[in-house]
Protein chains: 2
Amino acid sequence: MGASKTEHFSDKQNQIAAMAKAIGHPARVAIIEYLLSVDTCICGDIVNVLPLAQPTVSQHLKELKNAGIIKGSIEGTAICYCLNPDALSVLDAFFAHITVHIKNKNTNCC
Amino acid sequence: MGASKTEHFSDKQNQIAAMAKAIGHPARVAIIEYLLSVDTCICGDIVNVLPLAQPTVSQHLKELKNAGIIKGSIEGTAICYCLNPDALSVLDAFFAHITVHIKNKNTNCC
DNA sequence: ATTATTTATCGTAATATTGCAATATTATAA
DNA sequence: TTATAATATTGCAATATTACGATAAATAAT
């Protein structure tokens, strides 16, 4: 096959998975870290920052955008990309919830 | 191609990406949530919990284990699987760091 | 020893991802 | 209008992922 059986899982599970999947590539982690490091949102130099060809970077940006991780708006010739706090806070809450609950578990057999 | 150019990115970026990728499937999100919900680590019923065939579940468990998200040990006929707090705390720290830094940014043009 | 139970592996088909060259699109500048 | 610059899309090849039937391996129970 090759297609996930998304219909068998909850919307929340599919949403978390889609966002995690989008972050599941080192180039896209690098993009996220770069967007976090710059103070302004005018990010027309993302292509120069990554060791990948321009179409490849454009494709990675598209995937991050589709997953809601970043937002983009036209800013003249360049495109302005920024992180989407809403999406990232969902992931933050997910992992914070997990780590808190793991600590509360006394059984740890593995 | 189809192979990520991991050598161009930092170990940290590759580690985050590998773990995020492992969580980037709704069945694996469901597995994580199930492991979090049960009190004991003896988890021989994961197959029955998911709407997927046994070999598929086994494959998903293997990927989570390879990424370090879960740990497993033999427990008689069954296999004992648990979440790995170390790996999950790395992801927790990553996303907590991002959300904190986003809040500190005053520019938000998108 | 034989059977039942549980999990892993193999093989394979369908689909998705990754990467880039070539090209298209869009907006600014001359 | 005609360049120039920045980003997007298309097309394609190489590889990876997803899913499952069939089968293997390992342990427990009879």
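Since this is a predicted model, take the numbers as computed values, not measurements. Each chain gets a letter, A, B and so on, in the order its sequence line appears, and its residues count up from 1.
One distance of note links CG of B:Asp45 with OH of B:Tyr34; it measures 3.0 Å at 0.5 Å rounding. Summarising the geometry, atom NE2 belonging to B:His8 is positioned 11.0 Å from atom CG belonging to B:Asn14; distances are rounded to the nearest 0.5 Å.
If you measure from atom CG of A:Leu52 to atom C1' of C:dA21, you get 15 Å, rounded to the nearest angstrom. The nearest whole Å value for the distance from the CD1 atom in A:Ile46 to the P atom in D:dT7 is 8 Å. In this structure, B:Phe9 atom CZ and C:dT18 atom P are separated by 11 Å, rounded to whole Å. Between A:Leu64 atom CG and D:dA8 atom P there is a gap of 12 Å when expressed in whole angstrom units. Distance CG (B:Leu50) to C1' (D:dC20): 15 Å, rounded to an integer number of Å.
Under the ring pair (Phe, Tyr, Trp, His ring centres under 6.0 Å) criterion, A:Phe94 pairs with no residue at all, not counting sequence neighbours. Residues that satisfy the salt bridge (charged side-chain N to carboxylate O under 4.0 Å, His left out) test with B:Glu33, not counting sequence neighbours, are absent from this structure.
Here B:His60 reaches the OP1 or OP2 of D:dA19: one of its side-chain N or O atoms lies under 4.0 Å away. An OP1 or OP2 oxygen of D:dT17 is reached within less than 4.0 angstrom by a side-chain nitrogen or oxygen of B:Lys21.
Residues A:Asn84 and A:Leu88 are not in side-chain contact: their nearest non-hydrogen atoms beyond the backbone lie 4.5 Å or more apart. A 4.5 Å side-chain heavy-atom check between B:His97 and A:Asp92 finds every atom pair outside the cut-off.
Distance from the side chain of B:Glu63 is smallest to D:dT18 among D:dC20, D:dT18, C:dG19.
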Between the protein and nucleotides 8-11 of chain C, list every N/O to N/O distance that falls short of 3.5 Å.
{"residue": "C:dA8", "atom": "OP1", "partner": "B:Tyr81", "partner atom": "OH", "Å": "2.8"}
{"residue": "C:dA8", "atom": "OP2", "partner": "B:Ser58", "partner atom": "OG", "Å": "2.9"}
{"residue": "C:dA8", "atom": "N7", "partner": "B:Gln54", "partner atom": "NE2", "Å": "2.7"}
{"residue": "C:dA8", "atom": "N6", "partner": "B:Gln54", "partner atom": "OE1", "Å": "2.9"}

